[in-house]
Amino acid sequence: MHYDHLLVRYGELTLKGTNRKMFVNQLKDNVKRALIPLQGYHVKGKRDRMYVDMDQDADMNEIIHRLTKVYGIKSISPVIKTDKTEEAIYEAAIQLARDFDEGSTFKIDVKRVDKSFHLDTYALQREVGGAILKNVEGVSVNVKQPDHEVRVEIRLDAVYIFEKIIQGSGGLPVGTGGKTLLMLSGGIDSPVAGMEVMKRGVTIEAIHFHSPPFTSEKAKDKVIELTRILSERVGPIKLHIVPFTELQKQINKVVHPRYTMTSTRRMMMRVSDALVHKIGANAIVNGENLGQVASQTLKSMYAINHVTSTPVLRPLLTLDKEDIIKKARDIGTYETSIQPFEDCCTIFTPKNPVTEPDFDKVEKYEGVFNFDDMVQTAVDNIETMTIDQNYKSEKEQSTDALIEDLF
Ligand code: ATP
Ligand code: MG
């Protein structure tokens, strides 16, 4: 069976009234980017749905697979597009039914958007069903529990005939909801948090705090790989690596051991806040989850949050860990996240961090040193890289070059 088009149904964006054009254009851009470097297709974004025309040699399954990852798409159907004549409709329906297994059952489902079409819904249902029964052997009608539903949509421009409806990722097109800064550690939670906001149309840049030599290059590579996985769905992502060693050392010098964790988080928040303004973002996102660890009690969050007035989004705040893990598996970050490289916090984590930090005390400990310059230096020395789905580290690139030289 050769399908010549994919019908792409929008998710919630149909609700967005006057913004619809902007949403459709953004989704079209995102779809086109997701399909690079595939060949043999053409994307047409209409007001109420999108079509992907496919040549004979287009890889339909791969195109569908990629579309299921694009936010803003509710579902996808491979369709046959025909003229608005009875003969063309019957012919396409027969073609479709020829793929049904011997002994299987079907029903016809007609949607008549063009009310002026000369046959009404009921007559069309009967005629299309009759045409299949006459021309395809070994199939029969069952309207209650059919194995196949042959769907016929009579629209203004043409008739679309299809069977399958493949679930998309839902959500809103990335790029329609402003920009946030994701605090990305190497753990399980923060990549999921990033994906949750992107699902609502928001663009992210990522910030990672790196403390060499206490944290290894491998920890950094892990964060790069996590960013790469996220970029598979949403296109290139900027990753900002913050040199955090000096700040961590200074915190450990002046802050009471039980409060170093709280202060570390506060400094991360201060650096993030400065970067938010620099890149023109509107919020910070992190993977915090209520009660999960010492730094994530309400009192902790209060003390940490106090250094910024920028909204801090915590999409995972109330989820259970097992649900977060399930989401991490779904988006493909879990296996990378569980690799054992230490991040900067684990290494400096005190044995017995305070779970209910007293806000006044944190301020008092930090008050003995002016952290402003150090925070600014960290911001000024951020290393920024742009990661896309094909990103290769310098190491991998040089290995590739060596292999190419050999052969
Ligand atoms: P995750 O699995 O995301 O690491 P976690 O459960 O280990 O989360 P914490 O280590 O307490 O929790 O970190 C809480 C949040 O702080 C993280 O979800 C992340 O958003 C941010 N964070 C922690 N460490 C870093 C880091 N080195 N760089 C950037 N953000 C960080
Ligand atoms: Mg962590």
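Counting begins at 1 with the first residue of the sequence. Just follow the structure's listing: the first ligand is 1, and inside any ligand the first atom is 1.
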Subset of ligand 1 atoms that lie under 4.0 Å from at least one heavy atom of [X]:
{"X": "G287", "answer": "17 (C), 18 (O), 20 (O)"}
{"X": "F209", "answer": "26 (C), 27 (N), 28 (N), 29 (C)"}
{"X": "I207", "answer": "29 (C)"}
{"X": "Q296", "answer": "6 (O), 9 (P), 11 (O), 12 (O), 13 (O), 14 (C)"}
{"X": "N286", "answer": "20 (O)"}
{"X": "I188", "answer": "2 (O)"}
{"X": "G187", "answer": "1 (P), 2 (O), 4 (O)"}
{"X": "S190", "answer": "1 (P), 3 (O), 18 (O), 19 (C), 20 (O)"}

Stepwise salt bridge (Lys or Arg N to Asp or Glu O under 4.0 Å) check, R200 with E196: CA-CA 7 Å; R200 299 309 300 170; E196 290 292 305; over 6 Å; no
R314 vs N305, side chain to side chain contact (heavy atoms under 4.5 Å, CB included): CA-CA, chis, key distance, verdict: CA-CA 12 Å; R314 300 175 173 88; N305 215 146; 3.1 Å; yes
Closest to atom 23 (C) of ligand 1 (judged by heavy-atom distance), picking from M268, K321, R265: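 Shortest heavy-atom distance from atom 23 (C) of ligand 1: R265.
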Can you spot which of T203, L226, T227 makes a side chain to side chain contact (heavy atoms under 4.5 Å, CB included) with I237?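 Output: one option passes, namely T227.
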Geometric class of the H5/Y51 ring pair [parallel <30°, tilted 30-60°, perpendicular >60°]: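 Y51 vs H5 ring planes: perpendicular.
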In terms of relative ring orientation, are Y302 and F359 parallel, tilted or perpendicular, with 30° and 60° separating the classes?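 Rings of Y302 and F359: perpendicular, as their planes differ by over 60°.
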Side chain or backbone of L184 under 4.0 Å from ligand 1, or both, or neither, by non-hydrogen atoms?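 Near ligand 1, L184 shows its backbone, while the atoms from C-beta on stay back.
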Any side-chain hydrogen bond (donor to acceptor under 3.5 Å, both in side chains) pairs touching residues 94-105, not counting sequence neighbours?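 For residues 94-105, and leaving out neighbouring residues, the side-chain hydrogen bond (donor to acceptor under 3.5 Å, both in side chains) pairs sorted by first residue read T105-D147.
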N/O of P191 under 3.5 Å from N/O of ligand 1, yes or no?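 In this structure, P191 places no N or O atom under 3.5 Å from an N or O of ligand 1.
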Polar contact flag for V285 and ligand 1 (N/O pairs, less than 3.5 Å):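 In this structure, V285 places no N or O atom under 3.5 Å from an N or O of ligand 1.
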Of the non-hydrogen atoms in V70 and A34, which two are nearest, and what is the gap between them?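 For V70 and A34, the tightest heavy-atom pair comes out as CG2-CB, 3.7 Å.
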Within the 3.5 Å criterion, strictly below it, is a donor on R265 or S300 matched to an acceptor on the partner's side chain?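 R265 vs S300: no donor-acceptor pair found between side chains.
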